[in-house]
Each structure stands twice: as C-alpha cells, then as structure tokens.
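These numbers come from a predicted model, not from an experiment.
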Amino acid sequence: YGSISRGNREREFSVGSGARKKRKPGKMQQFWNTYGAYGIGTLLTIDVISFGGIYATLSNANIDVVGLVGKYDFLGLVDLFGITQNQLSTNTTNLVTTFALYKLFGPIRLASAFLLTPMVARILNTRVKKR
C-alpha cells in the first residue's frame, strides 16, 4: 500500500515482497503544484477562445456545414441518433462540427496552455507585487 511523505513529495509504494520503491510525482502533479489556479485559468481561457473562434468561423464562413455533416457524419452522431438529412439545421450542425474540431485540436490547446501558463503566472505575480 502507498504512503505519501509530506516533506519531499515522494510517494512510497510496496512492491511484491514488501520492499518500498520511491516514485517522484509526475509532470502534471509538478505543474499543478507550481502553478495551480494559473494553469486552470489559462487552459479555460484558451478553451473558450478556441471553441468560440471555431463556432464563429463556421457560422460566418460560406461552408455548407449541413452537407458536410450529412456526407461525413462527424462523430457518428447522425447514425447514432437516427437523424435524417432534413432534420439537420445549420445551427445544430455548426455546433456538432465545432465540437468535433474542438476535440480534434485538444492536444494543441493543452500544449499551448503548458507553454503559456508560466508567462501568465509571471505577469500576474508582478502585477500583484506592484500593488
């Protein structure tokens, strides 16, 4: 069974014959310990901007989204829910297509959050110290 040592943040786990093996926290845990709410705030900001940007682009572009969803059936939702071609509306298909593209670009959003969070934390910490 595992136990946590509070001083050095290393975890001990028993292995097979009762021997203890120490494991350091992963990168996500180190990131959370270092930046905390700054990381979540940065990720949520990037998520809202990207979802809104994709939706605005699809809504304002001259793209036949209804035709694309009917032809390629993004996420299998059309077949899953038994939606016919005449039941698809432009707003619904924009939202479904936006969600599919949002999920597709997930790794890029996460990587950009990891890259931008230290800079955001540094900027916000200097503004708090000036007050």
Step-by-step side chain to side chain contact (heavy atoms under 4.5 Å, CB included) determination, V120 to Y35 | CA-CA 10 Å; V120 169; Y35 298 110; over 6 Å; no
Can you tell me how far the [atom1] atom of [X] sits from the [atom2] atom of [Y], to the nearest 0.5 Å?
| X | Y | atom1 | atom2 | answer |
| --- | --- | --- | --- | --- |
| F105 | I46 | CZ | CD1 | 14.5 Å |
| I49 | S112 | CD1 | OG | 10.0 Å |
| L43 | T117 | CG | OG1 | 7.5 Å |
| T57 | L101 | OG1 | CG | 10.0 Å |
| I40 | T45 | CD1 | OG1 | 11.5 Å |
| T42 | L116 | OG1 | CG | 7.0 Å |

Assess the pair Y55 and F51: is the distance between their ring centroids shorter than 6.0 Å?
-> no
Determine whether N125 and Y38 make a side-chain contact, defined as any pair of heavy atoms from C-beta on separated by less than 4.5 Å.
->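 When only atoms from C-beta onward are counted, Y38 and N125 do touch, with a gap below 4.5 Å.
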Please report the closest heavy-atom contact between [X] and [Y], naming both atoms and the distance.
| X | Y | result |
| --- | --- | --- |
| W32 | A37 | CZ3-N, 4.3 Å |
| T126 | I123 | OG1-O, 2.8 Å |
| P107 | L104 | CD-O, 3.7 Å |
| F31 | A113 | CZ-O, 4.4 Å |

Measure from NZ or CZ of R109 to the centre of the six-membered ring of Y102 and say whether it is under 6.0 Å with the direction within 45° of the ring axis.
-> yes
Side chain of S50, backbone of D47: donor and acceptor closer than 3.5 Å?
-> yes
